[in-house]
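Some notes on the structure that comes next.
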Amino acid sequence: MAQFDTPDQLSLPNLEEDVLDWWQDHNIFERSIEERDGQPTYTFYEGPPTANGKPGIHHVLARAIKDLFCRYKTMQGYQVARKAGWDTHGLPVEIEVEEELELESRAQVEDFGIEKYNDACRESVLEYKDLWDTLTQRMGYWVDLDDPYVTFETDYIESVWWLLKQIEEEDLLYKGHKIQWYSPGSHTVLSSHEVSLGYEETQDPSVYIRFPVAGEANTYFLAWTTTPWTLISNTALAVGPDLTYVKIHHEDPHRGPETLILAEELLDDVVDEEYAVEETFEGSELIGAEYEPLYDYFTDRAEPGEDAWYVLGADIVSTDEGTGVVHMAPAFGEEDYAVGQERDLPLFNPIDKDGEFTDEASLVAGTWFKDADKIITDDLKERGRLYKHETYLHNYPHDWRKGTPLMSYPVESWFVETTKLKDRMVELNDTINWQPEAIGEGRFGEWLENNVDWALSRRRYWGTPLPVWESDKEGSDHYEVVGSVDELREKAGDQLPDDDEEIDLHRPFVDELTWEGPDGGTMRRVPDLIDVWFDSGAMPYAQWHYPFENKDAFEANFPANFIAEGVDQTRGWFYSLHAIATVVFDEVAYENVVVNGLVLDEDGNKMSKSKGNTVEPFQVIDDYGADVARWFMMSNAPPWESIRFSERGLRDLRRTFFGTLENVYRFFATYANIDGFRFQNDRMPVEERPELDRWIISRLHTTTQAVEAALEDYDPTTAARAVEDFVEELSNWHLRRSRSRFWASKKSEQNGPAGQGGTVAAAQKEAAYQTTYECLEATAKLMSPIAPFFGEWLYRTLSEVTAGEADSVHLAAFPEAKEDERDEALERRMGLARSIASTTLSLRNQAEINVRQPLPRLLVVTGTGVPEAEVEQVKDVILDEVNVKAIEYVEHSSEVVSRSAKPDFSRLGPRLGDLVKDVNQTVRQLDDETIDAYVETGELTLTVDGETVELGPDDLIIQSEGIEGWLVEQEGEVTVALDTDITPELRAEGLAREGVKRIQDLRKEANFEVTDRIVVAYDGSSQMADALAAHADWIRNETLALELQPSDEPTGEAVETFEVGDERLAIGVRRVEADEAMNA
RNA sequence: GGGGCUGUAGCUCAGGUUGGUUAGAGCGCACGCCUGAUAAGCGUGAGGUCGGUGGUUCAAUUCCACCCAGCCCCA
C-alpha cells in the first residue's frame, strides 16, 4: 500500500537538487508552457543582464520576483513564455577588456585595432554565462536559456536599426550638440558612469568680477564664478527676471567710489564694506542691457549688445549663492549651453582637444585650461575688474583614470526628439501599474516631466553602430538612415559578403562601407555607436527579429503584462522601453512593473567587493536552499525597499515557517500511514465536519483570497505573510487541537467514548485527515510561486499517495477561494476561543496549577465583543485546551463585575475642548456605584473646574476589570475568571493524568512504536493508587495498555519510580507481542 | 549641490491615509508549561521619550516646518 513518505529532518538543499533533477527528467518547465497552448498569454520581458560579471545575491532577489509572478500566472492558466536575454554591448565590457589588454586611451585602442578589440569584447561579454545559467537553474528561475536573445547578434542589431529608421521617418532623429564631460587628459568624452566615478572634493577659486555697464561710467554688473578660465569665453550675463536687484554706491578701499549691480538678497553676503542702495528694481528691467566684454578676442565674431555681451533673463539664476548675476559661457556648461541655444548665442571655444588654450586667446595661449585660472584672475585684478577673490570647496568631476579635471564641452551627437512626445509618454505612464506606486509618479514621472531629447551617440567601439551615413561633400547636410541589411546591400552592394551569415554589423566593418550620395559626395558612416540602453529598450521587437521575422510572436507578446528590475533602471531600461514604445508604437511597453530595491548587508550597508561584505548566492543556496532565500526576500520586507540580508533571518525562517510546515506534514503522514488514509472516500461536505475543521477550511479560503488579491496587486510580501500566518494557525491551533482525533486507535473506536482526548467517531477522524490533507495541499500550491521546490515536494509527496490532479504543482491550478466554505463568524469566534484559552492559561500560570490538573469551571464576562452565544459554540475547544470542566458566563453589567471608566475622547474632545483633561481625571476615579448608575441610566453629571458637564450614553467607555473573589485576567475585550477549587474527584483525575504522562514517558524511553500495545504494572501511594484504579479504563485507552495492574514490584522493559507532588508512583511497562495482543 | 526613499522593542517589520490618552506581531532573551509533532509544541514576562526640535490642536507616533542619520538617483 502506498505510504506517505516520512523522511527524517529534511535537508532543503538536497530536496531542491532532487526536485531539479525531476523537473529536468520530466520536462516540467517545457510542459508548463506547452500545456497552456491556446490559453491566453501572459507576457513577461526579461531585462537582460550583462554576463561579464559574476551574479550576486541581488540577482536572486530580482529573479525571485520575476519567477514568482510567471509561475503564479501559469497556475492561473495563462501561457507564459519566458525568453532569456543577454545585454552584451557597452562600457562595462570595454572597461574590463581595456584592463585585461592594458589599454589606457583611445589612441591605444585604435593602435591595437578596433577589430581585435571588439573580438576581445565579444569573448569577454559571455565570460560568466555558464555561472549565470547555473545560478538561474539552481535558484529555480524558470526562463528559456536555450534560445536567448543576444544584443550583439546581427538579427538583433538589424531590428534596432529598423527602429531607428522608423524614428527617422517620423522626423524625430536629428543631429545636434550635447554638452558632455570631456577629459582633456585622455582626449575622450566620458560616459556619465565614468564621470560619477571621478567626483572629488576640490578647492577652486571663487571670484567676483566687475562687468562695466556700457554707457554708464564707473558702474558694473557684479558676477560670480568658480571657473575663471571660462571668463575668456564669456558671452552674456544672466539675471533672474523676477528677482530683486539693487544698484549700490560704495567706496572700494583700493579704487575709490563706484556703482555695483547685484541681487538684493545676496548683498550682505558679497559686499563687505559700507554701501548705500541707490536704486531697487526687478531683474526684468536689466534685460537687454549691454556691457563691455572682458576680453576682445572674439569681438570680431559678434556685435556687443546684439549677438552677445548683453544681459538676458533666465530661470536658472538663483540667489542660493553668487551675486544673482550669472556669467554665461555656453561652450562650457550644460545650463549655459541650453540657454545659449535658446537665445542663439555664439559659441566661443578657445581650447583645443588637449585642454590647452589656442593662440586665439593670446593671454593664456598654450596654457592648460585649469592653469589659466590664476593668470586670468591676476590679469583681471591688475585691470581692476576683480572685485573679490576667495576659495570654494565643492565636488568637481575628474578623469577616473588620470585624476585630471574634466571640462564640459559641446560634442556633436545624434538625438531622438523625445521632448516632442513628452506629454504622450506621461499620459501612457499614467496607465502603467507601478509597484511601488511612488516610483511611477515620483522618480519616473518627474524624470519624464523633465524629459530632454535622447542623446544616442557614444564615441566608443563595442556597440550597435548608429546606422547613419553622411555625405562628405562640403556644405552638404544630406544623410541616410539604413533600416535593414537589405537596404544596406542595396546601397553598398558588393562591399558586403554575399552570404548574409557572414555579415557583421559592428565596427570596423560598417565603417568601411561607403557609396555615392545624390549630391555627388561620398556617404560615410558617422563614427558613433548608440547608447546601450537603446539596445535593451529594443528587446520587445529585437528579441523576435521583428519585423523581419516572427510577426505573430511579437504581436502576441506586446506589450508585456509584467516586468521587474531594480530601482537603478528607472532612467535605464524602464525609460528606454517606454520611450521606444511610445515613439515607434504609441503604446506602453509594459503594463505592470515591480521595482526591487537594493540588497544591503546585515548592518544596512551597501554590499561591495571592497568592503568584503558581499553575500555569495551559491553559498546561501547551498547552506539554506533557494526557497528559504527566495521566501526571505519576499516576506521579510517589500522587495522595493532595501532589504537587509542576514543569515540569522534565513536560519529563523528555515526553522519557523519551513520547519513548522515540515512538522505538520510529518505529523499528518505518521498517522495517515497508521490508519491507511489515502483520501479514497468522497470528500466530506464541509458543513458536516467539526467546528475546528470548518474553521481552518474557512481560514484557508480567506488566506487564498488574500494571497490572490496580493499577487494580483503585485505585492508578494503580503502574499507570503498571509501564507505564513495560515501555516501558524494550521499547526498551532488546528493540528494541535486535532491530535486526539489522529491518535485515537482503530480498536478503541469500538469501545465507545472514554475520557477526554480519548476515542472519537470514525467520521471525526476522517474529517481530520481530509481537512489536514486539503490544507497541506492548498498550502503547497499557495507557496509554490515563491518557494517552487518545497511547494513541489509537498505537493508531490501528498499526491503520489492519493493520485492528485497534476504531475507537478506547477502544472496544477492555483487554489480557488470558495466563498461558500468561508464563515467569517466562525473565524471571529475561534479567535475569541484562542483569546479566552490563552487568558485562562495565563491564569493557571499565576495560580501555579499545571494544565494536567482539571479545574471545575471558568467564568467569562460577556459583552458586546464577547457574546455568550458565540463563546458557547466554541466551548468544547476552549475547555479541552485549558482542561477545565465547565464554562459559565457573567454579564458585563453584572454586579459582581467591577469596572472602570474612561472618556471617549473622540466624542468628548471636540465638545469639551480644554476641559476634557480635567474630565478625564475625574472619570478615571469614579467608584463602582457611580459607574453602575451610569451604565443603568446612560447619564452622568459631573462638576469639573466649577463647570457642570452632562455626559450621555457612549460618552464613557466602560471596561470590566475584576470579579469579586475570583482570580481574573484580561486581554483586550476578553475578561476571564478561574475557579481553582479542586475537589477530590478532580484531584483524582489530575493524578490519573499524571499517571498517563509517566506511562507515556516510559513508552518513549523504551522506544516502543506508537501503535504498540503494552502491559502496565504500578505501585503508588494511596491517593495515587486510588486515582489510577478509578480511571483505569481511560488510562488503558490512552496508553494502549491491555492491562493496568497494581503490583508490589512493577517490572517490564522500562521501570521507574516518580515523585508527583506529595505522591509516589512506581511503574513498569512491557510491550505485548502482536499475536498476544490479538488474543487479548 | 539638487531630487527621492527610509528612520517604530535587541533584530526584522506592521500600524498610522480618517490625530483620541494602554503603539502591535514574529524572532531573540528570561521564566514557566506541555510531552503519542519531542533536535518539536504552548503560555507568560521584560523590552519603546514611534530619529530630533519646533508648530497647529483640547489631544500628535499620526498633520505641518526645520534639522539629523542611513541609503539611492542625478550633477
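Side-chain atoms are counted along with the backbone in the values below, which use heavy atoms only and exclude waters and symmetry mates. Residue numbering restarts at 1 for every chain, and letters A, B, ... go by the order of the sequence lines.
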Kindly state whether the ring of Trp533(A) and the ring of Tyr575(A) have centres lying under 6.0 angstrom apart. no
Nucleotide-level pairing of RNA chain B, given in dot-bracket where Watson-Crick and G-U pairs need both distances under 3.5 Å and | marks other strands: (((((((..((((......[...)))).(((((.......))))).....(((((..]....)))))))))))).
Any chance the rings of His578(A) and Phe444(A) have centres within less than 6.0 Å? yes
Using the P atom on both, measure rA40(B) against rC27(B) and round to a whole Å. 13 Å
Under 4.0 Å between a side-chain N/O of Arg739(A) and OP1 or OP2 of rA37(B), yes or no? yes
Would you check if there is a donor-acceptor pair between the side chains of Thr718(A) and Arg721(A) at a distance under 3.5 Å? no
Distance check, C1' atoms only: rU49(B) and rA23(B), in whole angstrom units. 13 Å
Atom pairs, protein N/O to nucleotides 55-59 of chain B N/O, distance under 3.5 Å:
{"residue": "rC58(B)", "atom": "O4'", "partner": "Asp914(A)", "partner atom": "N", "Å": "3.1"}

Taking only the P atom of each, what is the distance from rA30(B) to rA14(B) in whole angstrom? 28 Å
For rC73(B) and rC29(B), measure between their C1' atoms and round to the nearest Å. 40 Å
Counting distance alone, no hydrogens or angles: does the base of rA37(B) have a donor or acceptor under 3.5 Å from a partner atom on the side chain of Thr670(A)? no
Of the options rC74(B), rG28(B), rA37(B), whose atoms approach the side-chain atoms of Arg655(A) most closely? rG28(B)
Among rC74(B), rC27(B), rA37(B), the one nearest Thr656(A) by side-chain distance: rC27(B)
